[in-house]
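Please read the structure below before turning to the comments.
Nothing here was measured: the structure is a model prediction, and the numbers come from that model. Indexing begins at 1, ligand by ligand and atom by atom, following the structure's order.
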Amino acid sequence: MKVLVTGGTGYIGSHTTVELLANGHEVIIVDNLDNSSKIVLDRIEKITGKRPDFIEGDVLDTDFIVRVLKDNRVDAVIHFAALKAVGESVADPLRYYQTNVGGTVSVCKAMLATGVNKIIFSSSATVYGDQPIPYTESTPREPQNPYGRTKFVSELVLADVAAANPDFCAVALRYFNPVGAHPSGEIGEDPNGIPNNLMPYISQVAAGQREKLSVYGNDYPTKDGTAIRDYIHVADLAEGHLAALQKIYDPGFHTFNLGAGHGESVLEVIVAFEQATGQTIPYQFADRRAGDLAEYYADAALAESQLGWRVKRTITDASADAWHWQSGNPNGYKNVV
Ligand code: NAD
Ligand code: UDP
């Protein structure tokens, strides 16, 4: 297939592009480079021997997306492009609604204008909010912050577009906690400034770039008092998109959880990282982080039964790959010539 990958130079988009190219698909990336670098394209070529087409631009520019879809005779869209920082979404909700919901509306409009009717959308486990675990796809959606609500509203947009257009097929993949990097060490997560997320923070502590990890909360009602999440290796996540692409023929709106189906505590992640890498991670306990839930993980049975997909890699694999990427690229893609 010929696939338009929006946000394809980003963290998850780049890993998915590698997987698409490795499986014989053609890829056109559209990205405005708001949170990524063109160097990713060299790295993808290094890994796969193929260079994806790249067009710099904004998904909010519907006429531009129409031209890209028309000129390239695209078969399907994977829509990653979005803003993803929860704290920023609280401070500047309109920017998040504009880019995330507006971007989804714009891409759908361009698809309807050009007769492209297959889309895979990056949703998130954050759409569920504080609900009984494990989350199934029919668990009620009550997102707790503007970022989560932009994903929830985008899903509603896709469902309504699919209902109004009988040939339209939309698949929302609800990611749990993506971690790790490509095993080559060529591509990985490249946060700006101080990382918000656990695995990049641990990686920077291991590299000596940060003194110690703050473990947010050790008084949660969990086995060791620290919060539990369902961490999924980004390569497994990339394979989930391939599995969805192969099944994207049933018109309508479909949702799948992409997670491991079990969780690890923060302390378990630290131990896994230390064992996988031989590095010591100094840490201190700190207050709970506002808005964090004690524990959640996926019921991933639907993706297994319908897409034939399940995770193959562990948190230890993800730790080893994150460290390979971090130690080989201490500044991410920055200052690379
Ligand atoms: P990322 O920031 O690395 O990638 C997003 C890409 O989209 C970036 O390259 C950015 O430059 C681009 N982009 C942003 N706004 C754009 C616009 N208006 N036009 C064109 N390109 C634009 O993020 P990621 O971690 O790869 O996330 C990809 C998708 O997965 C996002 O939709 C995100 O919300 C979703 N998601 C991520 C996580 C996670 O923990 N990383 C979890 C659940 C869902
Ligand atoms: N966490 C932590 N210290 C950090 C970053 C994260 O203890 O520096 C914890 C956080 O409280 C949560 C888990 O690690 O329980 C995963 O956090 P992350 O931000 O990676 O993902 P989230 O689940 O919040 O989307």
Side-chain angles (χ1 to χ4, degrees), residues 5-17 29-38 40 55-61 64-65 78-87 89 95-96 98-100 102-104 106-107 121-127 145 147-148 150-151 154 172-179 187-192 194-202 204-205 210 212-218 220 222 226-232 234 237-238 241 258-259 263-270 283-297 332-333:
V5 179
T6 75
T9 42
Y11 173 45
I12 304 168
S14 58
H15 289 79
T16 303
T17 296
I29 292 176
V30 162
D31 200 300
N32 67 358
L33 302 176
D34 179 69
N35 195 36
S36 56
S37 158
K38 268 194 206 171
V40 171
I55 311 170
E56 186 172 341
D58 198 310
V59 292
L60 293 171
D61 182 347
F64 160 66
I65 301 296
I78 307 185
H79 181 40
F80 292 102
L83 304 172
K84 62 168 180 176
V86 172
S89 80
R95 185 166 164 242
Y96 272 67
Q98 181 160 6
T99 300
N100 294 6
T104 304
S106 172
V107 168
F121 171 69
S122 296
S123 190
S124 167
T126 191
V127 296
N145 54 62
Y147 166 72
T150 66
K151 291 293 171 185
S154 295
L173 300 177
R174 295 179 181 150
Y175 314 154
F176 281 66
N177 283 52
V179 286
I187 55 173
E189 193 168 6
D190 181 19
N192 282 320
I194 302 171
N196 289 313
N197 297 112
L198 180 63
M199 183 72 81
Y201 203 103
I202 290 179
Q204 293 193 6
V205 171
R210 314 229 166 251
K212 57 179 127 161
L213 173 74
S214 290
V215 174
Y216 298 138
N218 63 342
Y220 284 110
T222 59
T226 66
I228 291 178
R229 295 288 180 275
D230 183 335
Y231 296 94
I232 169 172
V234 66
L237 196 51
H241 291 77
L258 295 187
E264 276 98 21
S265 72
V266 176
L267 292 182
E268 285 173 334
V269 175
I270 295 172
Y283 66 86
Q284 64 189 7
F285 290 119
D287 289 345
R288 293 180 179 191
R289 187 169 64 179
D292 274 359
L293 296 172
E295 175 171 11
Y296 62 84
Y297 53 91
Y333 301 111

How far is atom 23 (O) of ligand 2 from the closest protein heavy atom, and which atom is that? R229 NE, 2.7 Å
Give the minimum heavy-atom separation between K151 and A82, together with the two atoms involved. NZ-CB, 3.8 Å
Quick check for you: to the nearest 0.5 Å, what is the distance between D292 atom CG and T226 atom OG1? 11.5 Å
Looking only at distances, can you tell me whether any N or O atom of Y201, backbone or side chain, sits closer than 3.5 Å to an N or O atom of ligand 2? no
Pull out every atom of ligand 2 sitting under 4.0 Å from any heavy atom of Y296, numbered as shown with elements. 23 (O)
Protein contact to atom 1 (N) of ligand 2 [nearest heavy atom, distance to 0.1 Å]: Y216 CD1, 3.7 Å
Which of the ligand 2 atoms, numbered from 1, are nearer than 4.0 Å to a heavy atom of V215: 7 (O)
Correct closest heavy-atom pair for S123 and A172 would be CB-CB, 4.3 Å
Given a heavy-atom cut-off of 4.0 Å, could you list the residues near ligand 1 in chain and number order? G7, T9, G10, Y11, I12, D31, N32, L33, D34, N35, S36, G57, D58, V59, F80, A81, A82, K84, T99, S122, S123, S124, Y147, K151, Y175, P178
Can you name the atoms of ligand 2, numbered from 1 with element, that are less than 4.0 Å from a heavy atom of N196? 5 (C), 19 (O)
On a heavy-atom basis, the closest approach of S122 and Y175 is OG-OH, 2.7 Å
Among non-hydrogen protein atoms, atom 9 (C) of ligand 2 lies closest to V266 CG2, 3.8 Å
protein heavy-atom neighbour closest to atom 18 (P) of ligand 2 works out as N197 ND2, 3.5 Å
Atom 20 (O) of ligand 2: nearest protein contact (heavy atom, Å): L198 N, 2.9 Å
4.0 Å heavy-atom contact, Y231 with ligand 2: yes
If we number the atoms of ligand 2 from 1 as shown, the ones under 4.0 Å from a heavy atom of S214 are 2 (C), 3 (N), 4 (C), 7 (O), 8 (O)
Write down the atom of K212, the atom of V205, and the distance for their closest heavy-atom approach. C-CG2, 3.8 Å
Quick check on contacts: which atoms of ligand 2 are under 4.0 angstrom from a heavy atom of A227? 15 (O)
Taking the side chain as everything from C-beta on, heavy atoms only, tell me whether H241 gets closer than 4.5 Å to F80. yes
Contacts of type side chain to side chain contact (heavy atoms under 4.5 Å, CB included), residue T126, not counting sequence neighbours: S124, N145, Y147
Record the part of D292 in heavy-atom contact with ligand 2 below 4.0 Å; permitted values are side chain, backbone, both and neither. side chain
Side chains of N35 and K84, heavy atoms from C-beta outward: is any pair under 4.5 Å? yes
Is the count of non-hydrogen atoms from other residues, nucleotides or ligands lying under 6.0 Å from Y283 atom OH greater than 12? no
What heavy-atom pair brings D31 and G7 nearest, and what distance separates the two atoms? OD2-CA, 3.0 Å
Quick check: closest heavy atoms across G8 and T17, and the distance to 0.1 Å? O-OG1, 4.0 Å
Got the closest protein heavy atom to atom 22 (P) of ligand 2, with its distance? N177 ND2, 3.6 Å
Within 4.0 Å of some non-hydrogen atom of L213, the atoms of ligand 2 are 3 (N), 4 (C), 8 (O)
What is the distance from atom CG of L258 to atom CG of D230, rounded to the nearest 0.5 Å? 10.0 Å
Please compare K84, Q204, E264, R289 and report which has the shortest non-hydrogen distance to atom 19 (O) of ligand 2. R289
Is there side-chain contact between L33 and K38, with at least one heavy-atom pair below 4.5 Å? yes
Looking at CD1 of I65 and CG of D58, how far apart are the two atoms once the value is rounded to the nearest 0.5 Å? 8.0 Å
